[in-house]
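As structure tokens, the structure follows; a few thoughts come after it.
Predicted model, so just to flag it, every value in this text is computed and none were measured.
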Amino acid sequence: KTNWRSGDFSGRVNIAAYRGIFNDLQRQIAGIPANLDGDNNSANDPASTALIINGAKARVQGIEIDGFIQPMRGLQFTFGGSLIDPKYLEFSNPPILNGVATSSGIFLNTPKTSFSLGARAELANIDGMTVTLSGDYYWTDGYRKGIVAAVPSYDLANLRLEVANIADQNLDVTLFVDNLFDKEYY
């Protein structure tokens with residue numbers, strides 16, 4: 001983490017790198033046939049062809065960065081980003097499922113890349129009342145929700161107008177638009 005200032009110009013950058021090793025991580029397996037146990041009793045068979053089991057060793061590593069640059073009083077730009085590299089190192093199925101169930105080496109619910117950008121500008125400051133306009137943009141890589149289901153990459157933009165300390169009474173009014181371009185996302 002580093003901060004700097006030169007007159008009204010200031011900024012901050014945070015960078016974090018990480019690596020984790022996980023044992024007995026839960027994962028989804030699919031392709032379980034009916035009557036797997038051979039007892040011809042469907043009442044004790046799995047309700048679907050997928051199960052969540054413990055039995056994977058994995059490594060998750062990545063880097064994240066975020067910060068801001070404020071070139072002058074009342075104007076600030078923000079940024080952030082993430083790169084993640086998840087990887088299964090080993091799989092182990094319960095013995096009854098060996099050779100029957102399949103598993104994907106894909107990490108679920110884990111976009112590999114995402115980033116955000118933002119800007120905030122104080123448009124007016126009249127007798128303590130401030131008018132501020134801000135906006136932000138976010139993008140994320142596509143990722144898997146399940147062995148079959150996938151979420152495509154998507155982006156979002158938001159906008160906000162704030163009038164603060166109206167009539168010196170600590171009264172604020174904010175107008176905002178989330179999902180400015182009406183994008184479908186998950």
- Query: Can you tell me how far CH2 of Trp139 sits from OG1 of Thr113, rounded to the nearest 0.5 angstrom?
  - Reply: 5.5 Å
- Inter-residue atom distance Asp178.CG - Asn158.CG, 0.5 Å rounding: 4.5 Å
- Query: Do you know which two heavy atoms are closest between Leu25 and Tyr88, and how far apart they sit?
  - Reply: CD2-CE2, 3.9 Å
- Query: So, the side chain of Asp172 versus the backbone of Asn165: is there a donor-acceptor pair under 3.5 Å, distance only?
  - Reply: yes
- Starting at OG1 of Thr132, measure out to CG of Leu161 and round the result to the nearest 0.5 Å. 8.0 Å
- Are Leu171 and Leu123 connected, step by step, through hydrophobic side chains (Ile, Leu, Val, Met, Phe, Trp, Tyr) whose heavy atoms are closer than 4.5 Å? yes
- Can you measure from CG (Asp136) to CG (Leu156) and round to the nearest 0.5 angstrom? 9.0 Å
- Message: Counting neighbours of CG on Asn41 that are heavy atoms of other residues, nucleotides or ligands and sit closer than 6.0 Å, is the number greater than 12?
- Response: yes
- Item | Closest non-hydrogen atom pair, Ile166 against Val173 | CD1-CG2, 3.6 Å
- Message: Does Lys145 form a side chain to side chain contact (heavy atoms under 4.5 Å, CB included) with Asn109? I'd like the steps, not just the answer.
- Response: CA-CA 5 Å; Lys145 290 287 289 178; Asn109 302 313; 3.2 Å; yes
- Between atom CG of Asp141 and atom OG of Ser82, what is the distance when rounded to the nearest 0.5 Å? 10.5 Å
- Please walk me through it: do Phe107 and Ile84 pass side chain to side chain contact (heavy atoms under 4.5 Å, CB included)? CA-CA 11 Å; Phe107 251 73; Ile84 185 168; over 6 Å; no
- Query: Which atoms form the tightest heavy-atom contact between Phe9 and Pro71, and what is the distance?
  - Reply: CD1-CA, 3.2 Å
- Query: In terms of hydrophobic clustering (I, L, V, M, F, W, Y; side-chain heavy atoms under 4.5 Å; direct or indirect links), are Ile63 and Tyr143 co-clustered?
  - Reply: no
- Task: For the pair Ile65 and Phe115, evaluate side chain to side chain contact (heavy atoms under 4.5 Å, CB included) and give the outcome as yes or no after the intermediate values.
- Result: CA-CA 9 Å; Ile65 184 170; Phe115 72 88; over 6 Å; no
- Approximate separation, where rounding is to 0.5 Å, of Arg120 CZ and Gln70 CD: 10.0 Å
- Task: For Trp4 and Phe68, work out which heavy atoms get closest and say how close.
- Result: CH2-O, 4.4 Å
- Message: Assigning hydrophobic clusters by single linkage (Ile, Leu, Val, Met, Phe, Trp, Tyr; side-chain heavy-atom cutoff under 4.5 Å), is Val177 placed with Tyr137?
- Response: no
- Ile15 and Phe77: same hydrophobic cluster, using ILVMFWY side-chain contacts below 4.5 Å? no
- Message: Looking at Arg59 and Asp85, is there a salt bridge between them, counting it only when a charged N and a carboxylate O are closer than 4.0 Å?
- Response: yes
- Over all atoms of both residues, closest heavy-atom pair of Phe181 and Ala157: CE1-CB, 3.7 Å
- How far apart are the closest heavy atoms of Pro86 and Thr110, and which atoms are they? CG-CG2, 3.9 Å
- Can you hop from Val131 to Phe176 via hydrophobic side chains spaced under 4.5 Å? no
